[in-house]
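To start, the structure under review is shown below, and the notes come after it.
A note on names: the letters A, B, ... follow the listed sequences, proteins ahead of strands, and every chain is numbered from 1. As the structure is a prediction and not an experimental result, all values here were calculated from the model.
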Amino acid sequence: MPEGHTVHRLAAAFEQAFGGQRVRTSSPQGRFSEAAQLDGMVLLGAEAVGKHLFLLFAPSDDVDRGSPVVRHVHIHLGLYGSWTFAGEPGFADAHAIGAPRLRIGEQEEQLDGGGVSDWRRLVPRPTVRLRIAGPQGLADLTGPTACEIMDAQERQAVLDRLGPDPLRADANPARFVDAVRRSRTTIGALLMNQKIVAGIGNIYRAELLFRARLDPFVPGNELSAGTLEEMWEDLVALMTYGARTGRIVTTQPEHRDIEARIVERSRGTRQNGDEDPDVVSRERSFYVYHRQTLPCRLCGTAVRSTDLAARTVFWCPRCQTARRRRAGWTREHPAAPWALTPGSSGEAAA
DNA sequence: ACTATATGTCCAC
DNA sequence: TGGACCTATAGTC
């Protein structure tokens, strides 16, 4: 259930866990029989583009010779896919606290709590499509929409059908701005279209539109370049935070309720200051996502939901009012919180 | 045991 | 636009 930030996180985790090392690969489930072709190769690195993950493999003697032919394992997690890591203490847990395991995708899983103390003896679930095992630990993939070997041309074809990715340094925001302004489709639908911008999912869509105070049903061609440039900058900030912490948080501290802040303070076990992602509980993290019928954090109006582009969109009908305006329109709300200040619960925001 | 749900995408009609 | 697909989990009977 990842959006782009999760996939970028995964790429970093794979580089750290297996980068440059020989690995064993297998498909316990049997549905990725090509795993046998990769067994014993070197995992050269990992790449994230939007919600697509590429793991790069090459035979070790090719690597030694200096010009390896790279096999790109293309993985898309879809709605259900996830990776589970297990290994030596410190393996793939750059973002976890203490435990020699973490599951990227959703919750953590107790891998050694049930009597399994050695990750090497961890029997894969029968649904594991791909297992990658290195000297320090392993990673199990379940439920992906895609898991296939690609060559360089096929990889490029995937990139070619994606819009700019806010988490990539090579992204060109003008492509996003121009594509939106050329379209009569609603901004709510355009944000979910991976050709327009790569990596946004249903949460970032709803939250970005709220932060822009924008009605999801405004046609793209009615938005000003300036508005879209600000939205791009906001996306970069939101998704960078998400990639760093593994969690989506879009609320400004002053918009989370007071009781929540008291609870967060009183938890008291923050060793490392302000960067602990657990500081913001899930219920405090969003302005509108999954908050239909609840009062808007800013104005108290009931948050609404409806279908838009095959998914449920959530929005505040009072705060998100811009519609049917020509390009050049400026926001009516006094101060849209473009700058995200995560982790500083209770502090005044910019 | 069954059902509903989930941060996704594609294809057929 | 509706259904199919991939899987785990929480909730209900």
Over all strands shown, is R311(A) touching base, sugar-phosphate only, or nothing at heavy-atom distances under 4.0 angstrom?
base
Donor-acceptor pair present, Y80(A) side chain and dA6(B) base, under 3.5 Å
yes
So, is Y289(A) near the phosphate of dT7(B), with a side-chain N or O under 4.0 Å from OP1 or OP2?
yes
By nearest atom, which of the nucleotides dT7(C), dT9(C), dA6(B) is closest to the L79(A) side chain?
dA6(B)
Rounded distance in Å - CZ (R282(A)) to C1' (dT9(C))
13 Å
Starting at CG of D140(A) and ending at P of dT7(C), how long is that distance when rounded to a whole Å?
13 Å
Quantified in whole Å, what is the P atom distance between nucleotide dT9(C) and nucleotide dT9(B)?
22 Å
So, OP1 or OP2 of dT9(B): does either fall under 4.0 Å of a side-chain N or O from Q194(A)?
yes
Given atom CD1 of I196(A) and atom P of dT9(B), what is their separation to the nearest angstrom?
14 Å
Measure the distance from CG on L308(A) to P on dT7(B) and round it to the nearest whole Å.
14 Å
Gap in Å between the two P atoms, one belonging to dT5(B) and one to dC13(C), rounded
14 Å
side-chain hydrogen bond (donor to acceptor under 3.5 Å, both in side chains) pairs touching residues 192-206 of chain A, sequence neighbours excluded, are N202(A)-R205(A)
Out of dT9(B), dC10(B), dC6(C), which nucleotide sits closest to the side chain of K51(A)?
dT9(B)
Look at all strands and tell whether H290(A) reaches a base, only sugar-phosphate, or nothing, counting heavy atoms closer than 4.0 Å.
sugar-phosphate
Sort out for me which residue in Q320(A), H255(A), R297(A), E207(A) forms a side-chain hydrogen bond (donor to acceptor under 3.5 Å, both in side chains) with Y287(A).
H255(A)
Tell me whether the OP1 or OP2 atom of dT7(B) has a side-chain N or O from R247(A) closer than 4.0 Å.
no
For DNA chain B, find the residues of residues 199-206 of chain A with a heavy-atom distance under 4.0 Å and give them by number; none if there aren't any.
G201(A), N202(A), I203(A)
Using the C1' atom in both, what is the distance from dT1(C) to dT7(B), to the nearest Å?
23 Å
Sequence neighbours excluded, every pair satisfying side-chain hydrogen bond (donor to acceptor under 3.5 Å, both in side chains) that has a member inside residues 34-45 of chain A:
R24(A)-D39(A)
Side-chain atoms of residues 57-64 of chain A: list all donor-acceptor pairs with protein atoms under 3.5 Å, sequence neighbours left out, distances to 0.1 Å.
| residue | atom | partner | partner atom | Å |
| --- | --- | --- | --- | --- |
| D62(A) | OD1 | R65(A) | NH1 | 3.2 |

Is there a side-chain polar atom (N or O) of T142(A) under 4.0 Å from OP1 or OP2 of dC6(C)?
no
H52(A) vs F54(A) aromatic rings, parallel, tilted or perpendicular, using cut-offs 30° and 60°?
parallel
What is the distance, rounded to the nearest whole Å, between atom CD of E207(A) and atom P of dT7(B)?
12 Å
Nucleotide dC10(B), atom P - distance to NE2 of H52(A) in whole Å
7 Å
Starting from C1' on dC10(B), measure out to NZ on K195(A) and report it in whole angstrom.
11 Å
Taking any heavy-atom pair under 4.0 Å as a contact, classify T145(A): base, sugar-phosphate, or nothing.
base
Under 3.5 Å, side-chain donor or acceptor atoms of residues 310-317 of chain A against the rest of the protein: list the pairs with distances, not counting sequence neighbours.
none

Does a donor on one side chain and an acceptor on the other come within less than 3.5 Å for R256(A) and T251(A)?
yes
Rounded to whole angstrom, note down the P distance from dC6(C) over to dA1(B).
23 Å
Taking side-chain hydrogen bond (donor to acceptor under 3.5 Å, both in side chains) as the cut-off, I'd like each qualifying pair that reaches into residues 160-171 of chain A, sequence neighbours left out, listed once.
H8(A)-D165(A), E47(A)-R168(A), Q156(A)-D160(A), R168(A)-D170(A)
Phosphate OP1/OP2 of dC6(C): any Q29(A) side-chain N/O under 4.0 Å
no
Against the side chain of H76(A), the closest entry in dT7(B), dG8(B), dT9(C) is dG8(B)
Euclidean distance, atom CZ of residue R161(A) to atom P of dG8(B) [Å, nearest integer]:
16 Å
Under 3.5 Å, is there a donor-acceptor pair between the side chain of K51(A) and the main chain of T6(A)?
no
